[in-house]
Amino acid sequence: QVQLQESGGGLVQPGGSLRLACAASGSIRSINNMNWYRQVPGKERELVASITSSSSTYYADSVKGRFTISRDNAKNTVSLQMNSLKPEDTAVYYCKAYIRSWSGDNRYIDYWGKGTLVTVSP
């Protein structure tokens with residue numbers, strides 16, 4: 001029942017910026033960690049950034065200093081501000097959130113969005 005929906009992907013020039021957003025909807029009781037992953041065809045999905053319920057953050061070394069993750073608990077959203085984009089940032093970006101539903105059991109469950117494509121090209 002809980003769903004995640006990414007938005008904001010697109011084509012951007014190297015050095016440009018893009019802001020991704022992920023909205024969680026459904027019967028949500030609470031959201032713990034929220035994460036952004038990315039995947040290039042033929043490669044494993046990698047963690048880009050994460051943010052805890054208390055707003056502690058983690059960034060992959062490859063994006064540290066360029067990307068910023070944030071969350072809006074009132075709106076059940078997580079964002080990824082991407083600056084100084086490089087061609088190697090090109091990937092499908094996925095939102096993942098650890099969520100407990102009102103209707104389900106009392107466990108937190110990982111939910112994934114379907115992804116949004118980010119292309120960094122001249």
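These figures come from a predicted structure and were not determined experimentally. For reference, positions follow the sequence shown, starting with 1.
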Centroid separation under 6.0 Å, is that true for the rings of Y37 and W112?
yes
Is Q5 atom CD crowded by more than 12 heavy atoms from other residues, nucleotides or ligands, each under 6.0 Å away?
no
Find out if a path of hydrophobic residues (ILVMFWY) with successive side-chain heavy-atom gaps under 4.5 Å connects M82 to V12.
yes
When rounded to the nearest 0.5 angstrom, what is the spacing between CG in D110 and CG in L4?
10.0 Å
Are the side chain of E6 and the backbone N or O of K114 linked by a donor-acceptor pair below 3.5 Å?
yes
Inspect the surroundings of CD in E44 and state if more than 12 heavy atoms from other residues, nucleotides or ligands are less than 6.0 Å away.
no
With a 3.5 Å distance limit and no angle check, can you tell me whether T116 reaches the backbone of G9 through a side-chain donor-acceptor pair?
yes
Please answer whether the main-chain N or O of V120 pairs with a side-chain N or O of T90 as donor and acceptor at a distance below 3.5 Å.
yes
Within the structure provided, determine whether R29 and N106 are in side-chain contact (heavy-atom separation under 4.5 Å).
yes
Which pairs with one or both residues in residues 24-83 pass disulfide bond (SG atoms under 2.5 Å apart), sequence neighbours excluded?
none
Does the pair T52 and S54 meet the rule for a side-chain hydrogen bond (donor to acceptor under 3.5 Å, both in side chains), with working shown?
CA-CA 5 Å; T52 69; S54 59; 3.1 Å; yes
side-chain contact (heavy atoms from CB on, under 4.5 Å) between N73 and I31, worked out:
CA-CA 8 Å; N73 293 328; I31 303 177; over 6 Å; no
Give, for atom CG of L80 and atom CZ of F67, the distance between the pair rounded to the nearest 0.5 Å.
6.0 Å
Same apolar cluster (I L V M F W Y, side chains within < 4.5 Å links), M34/I109:
yes
Separation between CD of Q81 and OG of S70, rounded to the nearest 0.5 Å:
8.5 Å
Could you walk me through whether V2 and S25 pass the side-chain contact (heavy atoms from CB on, under 4.5 Å) test, one step at a time?
CA-CA 6 Å; V2 173; S25 61; over 6 Å; no
Evaluate I28 against W102 for side-chain contact (heavy atoms from CB on, under 4.5 Å), listing each step before the verdict.
CA-CA 6 Å; I28 298 171; W102 281 110; 5.6 Å; no
For the OH atom of Y93 and the CD atom of Q39, what is their distance to the nearest 0.5 Å?
12.0 Å
Common cluster, I51/Y59, ILVMFWY with side-chain heavy-atom separation under 4.5 Å
yes
If you count every heavy atom of other residues, nucleotides or ligands that lies below 6.0 Å from Q1 atom CD, does the total exceed 12?
no
Using a strict 4.0 Å threshold on nitrogen-to-oxygen distance, state whether D61 and K64 make a salt bridge.
yes
What is the minimum heavy-atom distance between S121 and L11, and which atoms define it?
CB-CD1, 4.0 Å
Close side-chain approach of C95 to V78, heavy-atom, < 4.5 Å
yes
Whether S101 side chain and S27 backbone form a donor-acceptor pair below 3.5 Å:
yes
Applying side-chain hydrogen bond (donor to acceptor under 3.5 Å, both in side chains), run through S17 and N83 and close with a yes or a no.
CA-CA 4 Å; S17 297; N83 299 326; 2.8 Å; yes
Say you draw a straight line from CG of D89 to CG of L18; how long is it, rounded to the nearest 0.5 Å?
10.5 Å
Can you tell me how far OG of S79 sits from CG of D72, rounded to the nearest 0.5 angstrom?
8.0 Å
State, to 0.1 Å, how close A60 and L47 come at their nearest heavy-atom pair, and which atoms those are.
CB-O, 3.5 Å
Checking R38 against Y94: charged group under 6.0 Å from the ring centre and within 45 degrees of the axis?
no
Under a 3.5 Å threshold, yes or no: a donor from one side chain and an acceptor from the other, between Y108 and S30?
yes
Just wondering, do P14 and L85 contact through their side chains at under 4.5 Å, heavy atoms?
no
